[in-house]
Amino acid sequence: MTDKNNMCDYNNANSDDKENIPSNTSNNRPFFNILETNLSRRKMVQGSLAAAATTFLAPSAMATGWGNNNRWRKKWKQQPKDLVGFKPLTIETAIVDSKVPSISDDYQYQVLIPWGTPLEPNTVEEYAGDPDSRPTPKQAAQQIGIGHDGMWFFPENNRYYKYRRYGYQLSSSRGMLCINHEFGRNPHVLGKEAPESLEDVRLAQNVLGVSVVAIGKNYYNDSWQTLNSKNSRRITVNTPVDFSGPAANSPLLQNPNGNIALGTVNNCGAGKTPWGTYLTCEENFNGYFGATEGESFNDRRTEAQIRYGIDFDGFNYGWEFFDKRFDLSDPDYINEANRFGWIVEIDPFDASQKPVKRTGLGRIKHEAIAIAESANGRIAAYMGDDQRFDYCYKYVSDNSWENSIDQGLSPFDEGTLYVARFNDDGTGEWLALTIENPVLAERFADQGELLINTRIAADILGATPMDRPEWTTIGKDGEIYWTLTNNSRRSADQTNAANPEGPNNDGHIIRMENSDDHLGDTFTWEIFILASSTRDTEQTFTDPDAAYADSQGRLFIGTDGGQPDGLQDQLVVFDTTQENPQPVRLLTGVNSDEITGFTITPDQRTAFINIQHPGNGDPLQTNFPAETDEFTIPRDCTLVITRKDGGIIGS
Ligand code: FEO
Ligand code: CA
Ligand code: CA
Ligand code: CA
């Protein structure tokens, strides 16, 4: 079995899970006293119905969201009665063959857009995993990248926000898929440990970033495929970007050599705005920077560099030796790393749009983002900072998003960022990260500097250090789910009610209810499930990471970490409406992969999930999605999942 090395950490085992080594040395640690863990915490208040309209699958869309496939109409009635009623994939079946995924008998999958697929058909050769030849950097920039992670399906021909009030029918058979390419290790991408030229670095860079790819369903054979589209594009670490919000004009985002702002990297989880744009989250950006001067760099690191995990050898990608932007030793690029760690907004329907880094959402190791709409149109965005002992965040806009968008403004530019303090009695507070707080004004010159150093500001306010906050998702009644993937470094005397296990080897999920229709600065919370409680049962799962809640009460969780009982990483489904929800196994992946990035069509009949870093790139572990030949390089890919009877995904 693999160890607990989260592959989002991506490095090899002997680097000790480097990117998640705690960097939080604030007085918020060690924590509070040991307290009794109360798993059956009091029931949370029911959320308002208005909040239910926050998800992509809002009820109005559900009612009319048939796409253009009338065959589904008949099948609608055939859905099982249970919310999560499919035949679970058993442990026994799942572990028979780890070279290919295993799926519940009620389901089937199709492989879509593996790494190296032409972004648009017939534009460039496919890279199919031949270890003896690699794509050129130019080819890579026209192909689907590697490291498939967060993604979102945007139905064709509409911006949801413009049409939803008219009950516009959303396509479930054609649209733009925005998908993150989080990372690819040098041996997987380059076939060697380190780049030897700028050409190598450009290849390593061009397989990362984001793909905006047109996809559609072929009705002759029911399979999904890429399509030619003016909207398709690749975004990499070399694509020009804009900055927006309070930190946009900060001198801390400018370099002495005056280079323009370029690119996005380590795009992990994702989210979608109510106005129809895609949000990609920059997580372990620190790993791409290194210092050509070597280890002595670490002796002169700033407090902020240390807090963000910047160090001389990064994750050993070696970009700094050929691309000065990533050389921490080069005084010309002294603030380059400050340009990463943001959430970036991308328009799926305008390939000429410059991606925009939304500084109002703070600079952390952004995992993912889930947005809730309050009844008055203001939005709340929930976001995790994935590192051991880092924090949970929320952003609230000052104004209704529709008013802002109508005026050409961004709802992310005017609002307040908060960090969470979890109390042991099941309550909590959102602490405002604003320069109007004298304590923060003492430390930072302005809101821009504060946001660039979000983690330090949160330390000062006394936020609660968590067990690696990963994804967030909004449930059917407006409740928020937070996956806390694991924390092997939490000791028994550092536990608290919200992080009750020390060490926390298996992770847990927290369910939160925010006050005042998401706008209030208080919340209640409870432990939704401790993954360790499923050990030695048929339902066993650990290391929850990717999360997606649908509008009926299902919660889909993708895992990332060594699973018990010989299982590979999994996609499990919870019925959150039950008193004591248990995971139901829908799918398991292949050796050494991660299951991540759930998205679904408006009719809920097709889901997409990702197989990330299959076999860690080693052809002896798996050759998926190629036939098993112990030769072809395994390639990250998307799986299209359908019920064999055409029913709702998860049912
Ligand atoms: Fe990229 Fe924390 O997962
Ligand atoms: Ca990942
Ligand atoms: Ca993750
Ligand atoms: Ca993870």
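Remember, it's 1-based here, ligands and their atoms both numbered in the order they're listed.
Put simply, D149 stays out of reach of the Ca ion (ligand 3), with no N, O or S atom under 3.0 Å from it. The Ca ion (ligand 4) lies at 3.0 Å or more from every N, O or S atom belonging to E594. At a threshold of 3.0 Å, the Ca ion (ligand 4) has a backbone or side-chain N, O or S atom of D560 nearer than that distance. Taking 3.0 Å as the threshold, D386 does not count as a candidate ligand of the Ca ion (ligand 4), since none of its N, O or S atoms lies below it.
No other N/O/S atom of E367 lies as close to the Ca ion (ligand 3) as OE2 does. Looking at E470, its N, O or S atom nearest to the Ca ion (ligand 3) turns out to be OE1. Atom 1 (Fe) of ligand 1 lies closest to atom OE2 when only the N/O/S atoms of E182 are considered. Atom OE1 is the N/O/S atom of E283 found closest to atom 1 (Fe) of ligand 1. Closest to the Ca ion (ligand 4) among the N, O or S atoms of D545 is OD2.
Centroid-to-centroid, the aromatic rings of W319 and Y288 come within less than 6.0 Å. Remark: aromatic rings of F574 and Y481 are distant, center separation not under 6.0 Å. For F340 and F285, the ring centers are positioned 6.0 Å apart or more.
Residues E282 and T264 bring a donor and an acceptor atom of their side chains to less than 3.5 Å of each other. No side-chain donor-acceptor contact under 3.5 Å links Q387 and N24.
The residue from Y382, Y395, F412 that alone fulfils the side-chain contact (heavy atoms from CB on, under 4.5 Å) condition with I371 is F412.
Taking CG from L361 and CH2 from W342, the interatomic distance works out to 9.5 Å, rounded to the nearest 0.5 Å.
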